[in-house]
Asks: 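Have a look at this one before I ask anything.
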Amino acid sequence: MADNSVNPPWPTDAEEARAQAAKVRADAEAAVHKHMADPEVQKEWIRQNGLIYGALIAIGVVMVQPFLQISELNTSAKICVISFAIALPVLSALVLVTHQENFRQRASRSTLVEVGRNVGQLAAVIGVGAGFWHISWIAGVATIAAACFAIAIHSAGYSRLELGNRKAE
């Protein structure tokens, strides 16, 4: 067993540590960029996004329907309706973009599309949370917490499947 007390396995100089950290970060970013450029990965993201957009549109239609017949909405109901008023057209446009992405077999690199993805999905999650909050504030908090947990599950599962067991290149 080697004695590392004289030469520890980590950098002792701050500049050397920064340089090593920058190299590790650059290597990781290059690996992620290479992975995301894979056409099969892009096709899978396109499929997943289409599924997400369709599901959020369906949820929005179901959740907003009961509020169409009510003339006076409380705060949580207004937030739900306004959130879906934003989410539904944006998600519908994204469904059309997804069809074009499928046709071209590559993902869009438009900043506007990226912003739309974030706005549409966030507005839908807020709408769902507000809709459940309208029924019960506990249900609203539980829905928002579960949505955050679901995002973490998807992220961890994807990362583990796609990046976790890769051999060093």
Side-chain angles (χ1 to χ4, degrees), residues 24-70 73 75-135 139-169:
V24 168
R25 182 178 297 125
D27 290 347
E29 287 174 1
V32 168
H33 181 70
K34 181 179 178 184
H35 175 73
M36 294 308 291
D38 180 355
E40 292 302 315
V41 171
Q42 287 189 14
K43 288 177 190 175
E44 182 55 27
W45 273 108
I46 292 167
R47 283 190 290 270
Q48 286 185 22
N49 285 340
L51 180 64
I52 290 167
Y53 306 147
L56 291 175
I57 289 169
I59 291 167
V61 168
V62 169
M63 291 200 78
V64 170
Q65 265 184 336
F67 299 127
L68 294 175
Q69 298 175 358
I70 300 173
L73 299 175
T75 303
S76 60
K78 282 181 188 174
I79 292 170
C80 177
V81 169
I82 291 168
S83 295
F84 280 116
I86 294 166
L88 292 174
V90 172
L91 293 169
S92 297
L94 290 169
V95 165
L96 296 175
V97 170
T98 301
H99 282 283
Q100 188 65 26
E101 289 173 328
N102 276 325
F103 175 71
R104 292 290 173 199
Q105 305 233 336
R106 65 179 189 272
S108 171
R109 295 179 185 249
S110 167
T111 302
L112 188 58
V113 171
E114 285 298 319
V115 170
R117 284 183 179 124
N118 293 325
V119 168
Q121 291 177 12
L122 179 62
V125 169
I126 290 169
V128 170
F132 278 106
W133 192 292
H134 178 74
I135 298 165
V141 170
T143 300
I144 293 168
C148 292
F149 184 56
I151 291 167
I153 289 169
H154 180 262
S155 177
Y158 176 84
S159 297
R160 197 53 81 124
L161 286 169
E162 294 296 327
L163 304 173
N165 294 325
R166 295 177 62 182
K167 295 184 184 205
E169 297 176 4

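Excluded from the calculations below are hydrogen atoms, water molecules and symmetry mates; all remaining heavy atoms, backbone and side chain alike, are included.
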Asks: Which residue, Val128, Ile126, Leu88, forms the side chain to side chain contact (heavy atoms under 4.5 Å, CB included) with Ser83?
Replies: Ile126
Asks: Can you list the steps and then say if Val113 with Leu94 is a side-chain contact (heavy atoms from CB on, under 4.5 Å)?
Replies: CA-CA 7 Å; Val113 171; Leu94 290 169; 4.0 Å; yes
Asks: Please give me the minimum heavy-atom distance between Ala123 and Ile86, naming the atom from each residue.
Replies: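 Minimum heavy-atom separation between Ala123 and Ile86: CB-CG2, 4.1 Å.
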Asks: As a quick check of understanding, evaluate side-chain contact (heavy atoms from CB on, under 4.5 Å) for Phe132 and Met63, giving each step before the final call.
Replies: CA-CA 9 Å; Phe132 278 106; Met63 291 200 78; 4.1 Å; yes
Asks: Does CZ in Arg47 sit with more than 12 non-hydrogen atoms of other residues, nucleotides or ligands closer than 6.0 Å?
Replies: yes
Asks: Could you pull out the closest heavy-atom pair between Ser76 and Trp133, with the gap in Å?
Replies: CB-CD1, 3.9 Å
Asks: Looking at Leu112, I want to see if its CG is surrounded by more than 12 non-hydrogen atoms of other residues, nucleotides or ligands under 6.0 Å.
Replies: no
Asks: Apply side-chain contact (heavy atoms from CB on, under 4.5 Å) to Leu91 and Val95, showing your working.
Replies: CA-CA 6 Å; Leu91 293 169; Val95 165; 5.6 Å; no
Asks: With a cut-off of 6.0 Å (strictly less than), are more than 12 heavy atoms of other residues, nucleotides or ligands near NE2 of His154?
Replies: yes
Asks: Do Asn49 and Ile46 have side-chain heavy atoms sitting under 4.5 Å apart?
Replies: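 They are not in contact (no side-chain heavy atoms under 4.5 Å apart), so the answer is no.
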Asks: Identify the two heavy atoms, one from Ala87 and one from Ala124, that lie closest to each other, and give their separation to 0.1 Å.
Replies: CB-N, 3.7 Å
Asks: Does a side-chain heavy-atom distance below 4.5 Å link Phe67 with Lys78?
Replies: no
